[in-house]
Amino acid sequence: MSLRQLEVKALTAMEAMMEHQALAAEIADHDLRYHQQDAPIIADADYDRLRQRLGAIEALYPALSAPVSSAVGAKPSEKFSQVRHRVPMLSLNNVFSDQDVRDFLERIKRFLGLESQSAIALVAEPKIDGLSCSLRYEQGRLVVAATRGDGEEGEDVTANVRTIADIPQQLQGPVPEVLEVRGEIYMRKDDFLTLNQRQEEAGKQAFANPRNAAAGSLRQLDSAITASRPLRFFAYAWGEIIGERPADTQAGMIEAFARLGLPTNPLTRLCVGEVEVLDHYKQIEAQRADLPYDIDGVVYKVDDLALQARLGFVARAPRWAAAHKFPAEKASTTLLSIDIQVGRTGVLTPVARLEPVNVGGVVVSNATLHNEEEIARKDVRVGDVVRVQRAGDVIPQVVEVVLSARPAEAVPYLFPDRCPVCGSHAVREADASGKLDKARRCTGGLICSAQAVERLRHFVSRDAFDIEGLGEKQIEAFYQDGVITRPQDIFALEAYDAASLKKLKDREGWGPTSVRNLFAAINTRRQITLNRFIYALGIRHVGESTAKLLARHAGDFTQLRTMILAAKEADSEARAQLTAIDGIGPVMADALVDFFTEPHNQEVMNALLAQVTIEPMEQVVSSSPVAGMTIVFTGALERMTRDEAKAMAERLGAKVSGSVSKKTNLVVAGPGAGSKLADAQKHGVEVISEDAWFERVGGQG
Ligand code: IVH
């Protein structure tokens with residue numbers, strides 16, 4: 001099913017990410033057509049809906065807004081001409097722990113053939129969270145400014161960069177003939193807040209974080225807009241230099257930049273050896289929250305440019321530099337409410353709705369609470385002040401409760417036992433040892449719209465109702481249009497179509513013949529064997545073989561239903577009988593009871609019973625010589641395929657297993673049978689040939 005048709009609330013995190021990307025790309029395409037080609041292809045209202053949907057996804061998954069929305073609306077415009085970087089603009093390798101830093105230094109020393117004890121001089125400076133830009137100065141005059149782009153080619157943003165007060169049009173003092181200065185364009189946190197306020201007052205979209213605001217502001221077609229945005233710059237690297245390079249060290253270059261009138265970062269330090277480097281990292285980390293701009297780590301660069309040249313690059317990053325990233329950012333905020341989302345498999349996921357809080361540059365207003373157990377373990381209560389964490393682009397999480405700030409009236413959270421989407425019971429399953437599953441699931445699979453398409457798809461699948469011409473694609477389309485929303489609708493389709501003004505044959509992808517064929521295919525399935533019917537219901541833990549087991553045992557549907565409803569009480573006689581069936585354990589029994597007692601499911605089953613005739617399962621020859629046996633087929637069979645062999649044995653009342661154990665009664669071995677023969681010997685299991693098998697079962701198969 002196309003994700004576009006799902007409600008934002010129903011998307012899984014992964015789906016949300018995919019949908020976000022797709023929307024961003026579509027919107028960017030429409031922006032291009034509208035702004036640059038003056039030829040929009042959709043109505044404004046439809047465009048707004050795409051935007052709204054994107055906004056809704058970002059509201060639910062704030063982490064998504066950071067990486068992609070910089071491409072939204074601010075997509076590299078065709079009107080910015082491209083600039084090829086004479087020296088590519090590279091990225092940095094990341095390190096996370098102190099040990100990673102040591103390893104980074106060791107690698108450098110090994111590469112250079114230096115003693116492990118020797119101390120390397122490095123420049124350590126904050127990693128600014130903005131966007132990098134290359135400024136080309138010829139004879140000291142700014143001639144071209146370009147974004148990083150893909151590292152090889154960027155966009156020509158010269159006109160916009162000329163409006164940035166931090167960036168000199170003319171460098172001061174003696175300067176190489178050509179000097180490409182590289183650094184970060186960024187927006188200060190306070191300027192970002194003011195800008196967002198202004199945006200909101202003007203009814204415009206607010207930016208998710210300072211970095212997005214900086215990127216969006218720089219990539220304006222109208223430089224007057226860029227001029228009105230408070231952008232700033234730090235110089236920290238360079239590209240092409242023609243003429244005399246101002247210094248032989250990284251630190252010397254930064255000093256030279258400052259002398260030329262370029263802004264450089266005041267937290268830049270020359271550190272010798274690992275201890276000094278890590279010490280500076282900790283100092284910067286301690287100041288992080290108070291810095292006027294966002295940073296996401298500390299960058300280390302080998303100071304000696306001759307060593308840098310020897311070290312060179314690996315792939316797209318220099319061997320002589322690394323970005324030491326900060327750990328996940330945390331912030332405290334108030335938990336306003338807990339919403340429950342229902343996934344496509346029926347799992348209920350709690351989502352924390354938070355008082356919006358800035359966590360490492362991203363405004364977070366939702367976070368995951370994982371599951372019921374996590375809420376209970378952390379004793380998270382509505383009204384609590386909670387610590388929220390965000391690491392990279394993952395979905396923010398609630399890590400803990402600030403107990404000292406708990407309001408007196410806060411009460412323990414009661415996880416709902418009803419599905420918020422369809423109202424059916426939501427249960428936590430217990431495994432054989434009685435341990436509860438972490439997930440609570442909606443049992444209303446057949447009617448719950450969060451799960452409906454998945455269930456309908458299963459209902460018509462090959463081993464269930466097997467309705468030809470009704471595949472996943474058709475089910476999705478029919479569901480979206482409200483033509484088929486419940487299993488019973490399939491059998492009412494012909495009557496529905498007869499009464500409908502919008503005929504199926506006029507739908508895209510359909511014609512008179514295919515519609516006729518579909519009705520015929522549906523009609524041939526108005527008779528169905530009990531086992532297929534049970535399987536089609538999509539009861540949890542009830543696969544094909546369990547369905548057969550139940551069908552064989554119960555004989556008909558009424559019996560089955562009576563048997564399961566009677567087993568409702570955990571310690572009842574009927575429950576004992578149900579779990580006494582070989583192959584039905586307590587987990588399955590629970591699942592069956594949950595399913596059959598749910599009124600919504602009863603409704604569906606009753607409606608189906610009115611439409612279809614359930615036939616007994618294909619008769620098993622219970623008097624067969626192999627009835628009740630567990631049989632293993634191994635080696636190459638010559639008179640039948642493995643599937644045929646399995647079907648035949650099952651028809652004869654035997655169970656087919658894939659491996660030999662002491663429970664195995666018979667092994668049928670063809671040529672080339674390997675380890676299973678040895679296993680059979682070990683367990684003293686009878687082994688016969690394929691011919692002997694046919695002799696034994698006679699004409700019965
Ligand atoms: S040096 C050859 N220094 O980080 C090395 N980059 O992850 C070039 N960045 O694209 C980069 N602050 O946008 C360097 N002090 C700093 C930085 C910095 C931020 C960004 C830059 C680069 C990215 C790489």
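Counting starts at 1 for both ligands and their atoms, following the listed order. These numbers come from a predicted model, not from an experiment.
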[atom]: nearest protein contact (heavy atom, Å):
atom: atom 10 (O) of ligand 1; result: Ser132 OG, 3.6 Å
atom: atom 5 (C) of ligand 1; result: Leu92 CD2, 3.7 Å
atom: atom 2 (C) of ligand 1; result: Pro318 CG, 3.6 Å
atom: atom 22 (C) of ligand 1; result: Tyr236 OH, 4.2 Å
atom: atom 4 (O) of ligand 1; result: Lys127 NZ, 3.1 Å
atom: atom 12 (N) of ligand 1; result: Ile128 N, 3.0 Å
atom: atom 20 (C) of ligand 1; result: Glu184 OE1, 3.5 Å
atom: atom 8 (C) of ligand 1; result: Leu90 O, 4.0 Å

Is it the side chain (CB and beyond), the backbone, both or neither of Val299 that lies under 4.0 Å from ligand 1, heavy atoms counted?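 Val299 to ligand 1: side-chain contact only, backbone stays beyond 4.0 Å.
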Under the 3.5 angstrom rule, does the side chain of Lys189 hit a backbone N or O of Asp290 as a donor-acceptor pair?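 The answer is no, because no donor-acceptor pair under 3.5 Å joins these two groups.
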Donor-acceptor under 3.5 Å (Tyr281 side chain, Gly297 main chain):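 Answer holds: no.
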Is the shortest heavy-atom distance from the side chain of Leu311 to the side chain of Phe111 under 4.5 Å?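 Answer yes - side chains close enough.
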With the side chain counted from C-beta on, respond yes when Asp129 and Asn209 share a heavy-atom pair under 4.5 Å apart, and no when they do not.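 When only atoms from C-beta onward are counted, Asn209 and Asp129 do not touch, as no gap falls below 4.5 Å.
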Test side chain to side chain donor-acceptor pair (under 3.5 Å) on Asp103 and Gln99 and set out the steps. CA-CA 6 Å; Asp103 292 346; Gln99 187 55 45; 3.0 Å; yes
Is there a donor-acceptor contact under 3.5 Å linking the side chains of Thr249 and Asp304?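 Short answer, no.
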Is it the case that Asp191 and Thr194 place a side-chain donor and acceptor less than 3.5 Å from each other?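 The answer is no; no qualifying pair exists.
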For Arg102, is the CZ atom crowded, meaning more than 12 foreign heavy atoms sit under 6.0 Å from it?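 Correct, the count exceeds 12.
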Work out whether the distance between some heavy atom of [X] and some atom of ligand 1 is less than 4.0 Å.
X: Pro126; value: yes
X: Lys301; value: yes
X: Ala237; value: no

Give the atom numbers and elements of ligand 1 that come within less than 4.0 Å of a heavy atom of Glu125.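 Listed by number with element: 3 (N), 15 (N), 16 (C).
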Please work out whether the ring planes of Tyr293 and Phe234 are parallel, tilted or perpendicular, with thresholds of 30° and 60°.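 Tyr293 vs Phe234 ring planes: perpendicular.
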Is there a polar contact between ligand 1 and Leu131, counting only N or O atoms under 3.5 Å apart?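 No, Leu131 has no N/O under 3.5 Å of an N/O on ligand 1.
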Between Ser91 and ligand 1, does any nitrogen or oxygen pair lie at a separation below 3.5 Å?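 No, no N or O pair falls under 3.5 Å.
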Do Phe192 and Phe207 have their ring centres less than 6.0 Å from each other?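 For Phe192 and Phe207, the ring centres are not under 6.0 Å apart.
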